[in-house]
2 protein chains.
Amino acid sequence: MNNIINKSKESTDQVIENLLSIHPLLTKNYTKAIRSKTNLTPGLLFVLGALHHHGKLSMSEIGCHLSVPKPHVTALVDKLIADNLVERLNDPSDRRIIYIQITEKGADDFIAIKKEISQELKMKLELLSKEQLEILSEASQQVKEILMLVLTDHGSTHCLSAEKIK
Amino acid sequence: MNNIINKSKESTDQVIENLLSIHPLLTKNYTKAIRSKTNLTPGLLFVLGALHHHGKLSMSEIGCHLSVPKPHVTALVDKLIADNLVERLNDPSDRRIIYIQITEKGADDFIAIKKEISQELKMKLELLSKEQLEILSEASQQVKEILMLVLTDHGSTHCLSAEKIK
DNA sequence: ATTAATAGTTATAAATTTGTAACCTTTTTA
DNA sequence: TAAAAAGGTTACAAATTTATAACTATTAAT
């Protein structure tokens with residue numbers, strides 16, 4: 001039996017197993033914090049976060065990056081605009097497209113919110129040993145980087161994700 | 001300035017930054033897959049997963065582990081019972097407590113569902129290099145282990161989390 | 001020049017999750 | 001033993017997210 005293939009199959013399965021354990025842990029941690037410490041819903045914060053990262057995204061791209069159906073994107077962005085956290089921008093070269101850009105207030109607020117919702121986690125992390133923290137920092141960085149590589153729709157032709165699959 | 005403290009502060013902030021990036025990525029990946037490939041909602045699957053991991057939990061513990069309000073736990077468990085995925089067990093030593101235990105069908109189904117909802121991710125992972133996969137496997141394992149340590153209510157006196165904070 | 005496709009919105013319904021309050025039963029405590 | 005506390009349920013209401021369909025405006029394609 002091919003050892004290399006077998007080994008990499010094991011790795012794949014291990015990754016899947018691990019991510020599936022990590023997901024509910026993060027969900028639990030963050031949704032609770034988001035609801036108790038901010039006025040934004042998780043969905044709104046995700047959109048703001050994506051815009052904070054990318055600076056500017058079209059409506060479709062937002063739905064794409066977060067797997068949110070287009071009509072809901074409209075609603076979410078409307079709320080963010082009402083709070084002056086983002087703004088609409090027209091694309092002169094294609095007047096169908098509307099870019100959403102994070103505002104200065106949006107960026108500032110996002111950073112403040114990040115701090116708020118991470119406070120409790122931060123306290124818990126500070127109970128870890130220096131070594132554990134170092135390991136976690138390194139490991140989470142690697143997970144983040146590779147996941148962003150893997151889970152970001154580049155290959156997926158024109159991001160079908162927002163629409164129904166098939 | 002104390003170098004050690006400073007270094008560990010940096011690590012903490014880095015971890016927070018990384019986890020906050022990872023969370024929406026996983027959410028996007030999993031909620032889409034769960035909705036399209038299973039009959040269970042994310043909430044139901046989280047409960048089933050917790051029971052698959054722990055084998056047996058009381059109603060309160062379930063709400064605790066997942067930060068789900070008690071009334072909703074009742075509703076979720078009712079549905080899982082209707083599908084024969086879990087069952088109620090009385091605690092003779094304290095007749096207030098009702099333990100929920102995963103059934104054989106529940107365990108089998110959970111494994112099958114895990115495979116289903118991971119299929120797409122698996123395909124994407126297999127595009128990674130052997131080295132990247134190895135790194136991700138190792139790193140995700142470390143993140144999982146330390147996060148379980150950190151985010152599981154042991155210290156939190158009697159798991160206040162299900163109830164409103166304060 | 002039509003036709004088809006893309007980007008986004010509006011309108012609406014349904015599913016899911018969250019939040020409260022009141023209630024019952026059982027156990028613990030004073 | 002009476003009162004308080006803990007574990008669960010019931011009954012609602014509200015917030016959030018998901019799903020569809022129809023529609024406008026603009027661009028691309030035949």
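Every chain is numbered from 1, with letters handed out A, B, ... down the list of sequences. Values reported hereafter were calculated over all heavy atoms of this structure, with side chains retained and with hydrogens, waters and symmetry mates removed.
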Nearest to the side chain of A:R95, which nucleotide is it out of C:dG19, C:dT10, D:dT26? D:dT26

I would like to know whether B:H65 and B:F46 meet ring pair (Phe, Tyr, Trp, His ring centres under 6.0 Å); could you show each step before the answer? CA-CA 10 Å; B:H65 278 291; B:F46 283 3; over 10 Å; no

State whether B:T41 places a side-chain N or O below 4.0 Å from either non-bridging phosphate oxygen (OP1 or OP2) of C:dT16. no

Neighbour count >12 (heavy atoms, 6.0 Å) for atom CG, B:N39: no

Do the side-chain N or O atoms of B:R88 get closer than 4.0 angstrom to the phosphate oxygens (OP1, OP2) of D:dT9? yes

Once you round it to whole Å, what is the distance between P of D:dT24 and CG of A:D94? 20 Å

Comparing A:I97 and A:D78 on DNA chain C - which has the more 5′ nearest nucleotide: A:I97

Do the side-chain N or O atoms of B:S58 get closer than 4.0 angstrom to the phosphate oxygens (OP1, OP2) of D:dG8? yes

Interatomic distance where CG belongs to A:L45 and P belongs to D:dA15 [whole Å]: 19 Å

In whole Å, I'd like the distance from the NZ atom of B:K28 to the P atom of D:dT17. 17 Å

From CD1 of A:I34 over to C1' of C:dT17, roughly how many Å is that when rounded to an integer? 14 Å

Check every atom of D:dA21, C:dT18, C:dA21 against the side chain of A:R35 and return the nucleotide holding the closest atom. C:dT18

Residue-phosphate contact under 4.0 Å: B:S60 side-chain N/O, D:dG8 OP1/OP2: yes

From CG of A:L57 over to P of C:dA7, roughly how many Å is that when rounded to an integer? 14 Å

Look at the side chain of B:R96 against the base of D:dA6 and say whether a donor-acceptor pair falls under 3.5 Å; ignore hydrogens and angles. yes

Using a 3.5 Å distance criterion without hydrogens, assess whether the side chain of A:S67 forms a donor-acceptor pair with backbone atoms of A:G63. no

Which nucleotide in D:dT10, C:dT18, D:dG7 has an atom nearest any side-chain atom of B:K70: D:dG7

A:S11-B:E134 side chain donor-acceptor pair, cut-off 3.5 Å: yes

